[in-house]
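Worksheet: one structure, shown below.
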Amino acid sequence: MTTAVYFSALEGKKPVPSKLSHFATRFMNALMQSRSRRAAWELRRHEALLADLGRRQDHSPLFLDQSELLPAKV
């Protein structure tokens, strides 16, 4: 039977992240959050447009069913 032993001392030192790496990580997080907020805003705008169009369609039969003719220029 074989046993595996892991010695963390043999691994060596872990590299410390540089300031550039830290900046890049923060930049990417900010970019993702910004795009996420923009996508949410676009979705709300689209849903509001669809709701507005739905409300307009609900009232359209009232206007089409009027018996009076509209005045027209000759």
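As the structure is a computational prediction, the values presented were derived from the model and not from experiment. Residues: numbered from 1 along the sequence shown.
- Sequence neighbours left out, the pairs with a member in residues 20-38 that pass salt bridge (Lys or Arg N to Asp or Glu O under 4.0 Å) are R38-E42.
- Among the candidates L50, L43, L49, the single residue satisfying the side chain to side chain contact (heavy atoms under 4.5 Å, CB included) test with E47 is L43.
- S34 contributes no side-chain N or O that, together with a main-chain N or O of A30, makes up a donor-acceptor pair within less than 3.5 Å.
- Atom CZ of F27 and atom CE of M32 lie 11.0 Å apart (nearest 0.5 Å).
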